[in-house]
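Note sheet for the following structure.
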Amino acid sequence: MTSAAGQNRSSRIAGFHKKTPRERLDLVAAFAGLNETAVAHLANMGNLDPALADKLIENVIGTMNVPVGVATNMKIDGEDVLVPMATEESSVVAAVCNAARQNYETGFSTSVSGNLMIAQVQAVEVRDPAAARLRILERRDEIKAACDACDPVLVSLGGGFRDLEVRLLDTPSGTMVITHLIVDTRDAMGANAVNTMAEKLAPAIAGWAQGRVYLRILSNLADRRLARAHAVWRTADIGGEQVRDGIVSAYQFAAADPYRAATHNKGIMNGISAVVLATGNDTRAVEAGAHAYAARSGRYTSLTTYEVNADGDLSAAIELPLAVGLIGGATKVHPTARASLAILGVSTAERLARIIAAVGLAQNFSALKALATTGIQKGHMALHAQNIAMMAGAVGEEVDKVARILVERASVRMDVAAKVLEEVRGG
Ligand code: MEV
C-alpha cells in the first residue's frame, strides 16, 4: 500500500486541521503513496457519518470499524441481559457466552460503591504543608458551594460535591499538598465535570495553601466508583472437581505473581473494554483505573478471586473501578454507542458498570477454565484458521472448508492454507 510514496514527504501540512476529511485523505494518500483501493477504503466511513466523525476527533481521514458481537446467556441480578461487545479479538464474545451458559440458573449478583469521581489539585512550594492542609479542609463549605456552582444541572440531578480530602505527598522537590475534590457525577463519566471544578477551585486553593498550583485533573484511579460482581459455578456444571481446583489454582497463581496477574487481568479487560467501547465510553480511563486498583496494595495482583464455597462449588468475585457514563463523550452522539445502550436497556451509569463487572468476571472464568483444562489454543485456532483461510484467498464457503481442514491437520499456516485451497478448488 505504501510502495509508491509521493515526492513531497513533509509532515508539516499547513491548515491540515481546517480541511475536510476527503481533502486530508488526498493529502495523506499523496504523502504515503496510497493506492486507489486504500484510499477508497478509508473514504468509506461505514455507518459513522463523516461529519460526526470529523467532530469527534481532529484531523479525521477515515474510521476503523471493529465488529460488535452480542454476549448471550447473561443473567445479572435476576434479569436477562444481551451485552454488545466491540472487539477485534476472536473468542472474547464466545468466552462470555460460555461462562454465562454454565451458571445461567443463578447468574451474577452485582453492586457498586457509588458514582464518586476524584479531581486532584496539586499545590507545590508550600512552606507549611501540614497547616496548609488544615487551612484547605476548613474551607469545605466554600469549596462545596464553588464546585456545585460549576454544574447546576448535575446538582439538579442529585449529583455534585460530596467530600474533600487533602493529602501530603513527599517528593524530591518537597512536600506537595494534594487536594481531592470528591464529586458525585451521577450518569456522567464525569471527567468534564470534575476537571472544570478543579480548574475553578485551583486559584483559591493556591491562596489557602500559600503555594503554587500546577495540575488540576481527575484521577483515573476511581476507587470511590467501584463495581462488583460475584457468581457461583456449580462444580457439576463445569466438569468436576479437577476443573474447579484448576481454576482456583490459576487464580492463586495470578494473586501471587504480577507476571501472571498482568495476563489474567488482560483477559478480564478483553471483556470489560469491549463493552466500554461498544457503549462509547473511555476504554483507556477504565483500563488505567483497573490496573492501578490491581496494584493498590503496592504489589500488582488479580482483580478477581476464586474460592470453593461450603457446597463445594466455585465462588468467584470481581471488584474494580468502573468510571463509565451514559451521557457525555461519545456515549450520546455515536450511533453505535446509543444502539448498544438500547440493547443493554440501561437507564443509569451504575447499572452499566454492574453489567460490565459481570462481563469481566465471565470472561475471566472462561479463560481460566480453558487454561486449566484444554488450553486456549484449541478454541483460538478454529477462528484463527478462518483468518488464515481468508488471507490465503478463500472466499464464501471455501473459508469454513479450508479452516476445518487446517484444524484437522493441526497445521494452521498460510502455506498449508494455500495448498488446501487448491485442493478444495480442485474438488
Ligand atoms: C488472551 O487475550 C487472554 C488470556 O491470555 C487471559 C488469561 O491468560 O487469563 C487468555
Side-chain angles (χ1 to χ4, degrees), residues 64 66-71 73-74 83-103 108 227 229-231 233 238-239 242-278 283-284 286-295 299-308 314-320 322 356-388 407 412:
M64 169 78 187
V66 172
V68 176
V70 167
N73 306 327
M74 290 293 283
V83 188
M85 302 176 67
T87 179
E88 87 303 339
E89 184 169 334
S90 63
S91 305
V92 166
V93 178
V96 176
C97 299
N98 285 337
R101 183 175 40 74
Q102 294 169 72
N103 76 346
F108 297 81
H230 69 96
W233 278 270
I238 60 171
Q242 203 174 331
V243 176
R244 178 200 67 190
D245 294 346
I247 294 172
V248 172
S249 175
Y251 149 65
Q252 290 175 350
F253 179 12
D257 177 22
Y259 286 92
R260 173 56 206 154
T263 323
H264 178 99
N265 291 341
K266 187 274 182 185
I268 293 171
M269 300 315 287
N270 277 344
I272 288 183
S273 295
V275 190
V276 172
L277 182 59
T283 50
R284 290 81 54 213
V286 169
E287 282 158 13
H291 294 295
Y293 193 67
R299 188 170 57 86
Y300 186 83
T301 186
S302 166
L303 287 166
T304 52
T305 56
Y306 289 81
E307 302 152 304
V308 177
L314 184 66
S315 178
I318 185 168
E319 180 182 74
L320 77 165
L322 265 170
I356 295 174
V359 168
L361 186 59
Q363 185 73 46
N364 185 234
F365 165 85
S366 275
L368 298 193
K369 186 179 173 201
L371 288 166
T373 55
T374 50
I376 58 155
Q377 282 311 84
K378 194 164 163 248
H380 270 208
M381 274 304 159
L383 288 155
H384 180 54
Q386 297 201 339
N387 291 342
I388 295 288
V407 172
V412 185

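Remember, it's 1-based here, ligands and their atoms both numbered in the order they're listed. These figures come from a predicted structure and were not determined experimentally.
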Which atoms from ligand 1 have a heavy atom of His264 less than 4.0 Å away?
9 (O)
Side-chain donor-acceptor contact under 3.5 Å, Tyr306 with Asn364:
yes
Arg260 versus ligand 1: do any nitrogen or oxygen atoms come within less than 3.5 Å of each other?
yes
With a 4.0 Å heavy-atom cut-off (strictly under), which part of Leu371 contacts ligand 1: side chain, backbone, both or neither?
side chain
Within ligand 1, which atoms have a heavy atom of Ala367 less than 4.0 Å away?
9 (O)
For Lys266, the ligand 1 atoms whose distance to one of its heavy atoms is below 4.0 Å
1 (C), 2 (O)
When you measure from the side chain of Trp233 to the backbone N and O of Ala316, does any donor-acceptor pair fall under 3.5 Å?
no
Checking Gln102 side chain against Asn98 main chain: does a donor-acceptor pair fall under 3.5 Å?
yes
Ranked by distance from atom 5 (O) of ligand 1, the top protein heavy atom is Thr263 CG2, 3.5 Å
Using the six-membered ring wherever Trp is involved, compare the ring planes of His291 and Tyr300 and label them parallel, tilted or perpendicular (cut-offs 30° and 60°).
parallel
Atom indices of ligand 1, in the order listed, that fall short of 4.0 Å to a heavy atom of Glu89
1 (C), 2 (O)
Side chain to side chain, Glu319 and Tyr293, heavy atoms closer than 4.5 Å
yes
of all protein heavy atoms, closest to atom 10 (C) of ligand 1 is Ile376 CD1, 3.9 Å
For the backbone of Leu303 and the side chain of Asn265, can you confirm whether one donor and one acceptor N or O come within less than 3.5 Å of each other?
yes
Ligand 1 versus Asn270, non-hydrogen atoms closer than 4.0 Å: side chain, backbone, both, neither?
side chain
Checking side chain to side chain contact (heavy atoms under 4.5 Å, CB included) for the pair Val286/Ile272: CA distance, chi angles, key distance, verdict?
CA-CA 8 Å; Val286 169; Ile272 288 183; 3.8 Å; yes
Select one of side chain, backbone, both or neither to describe which atoms of Gln363 lie under 4.0 Å from any atom of ligand 1, heavy atoms only.
neither
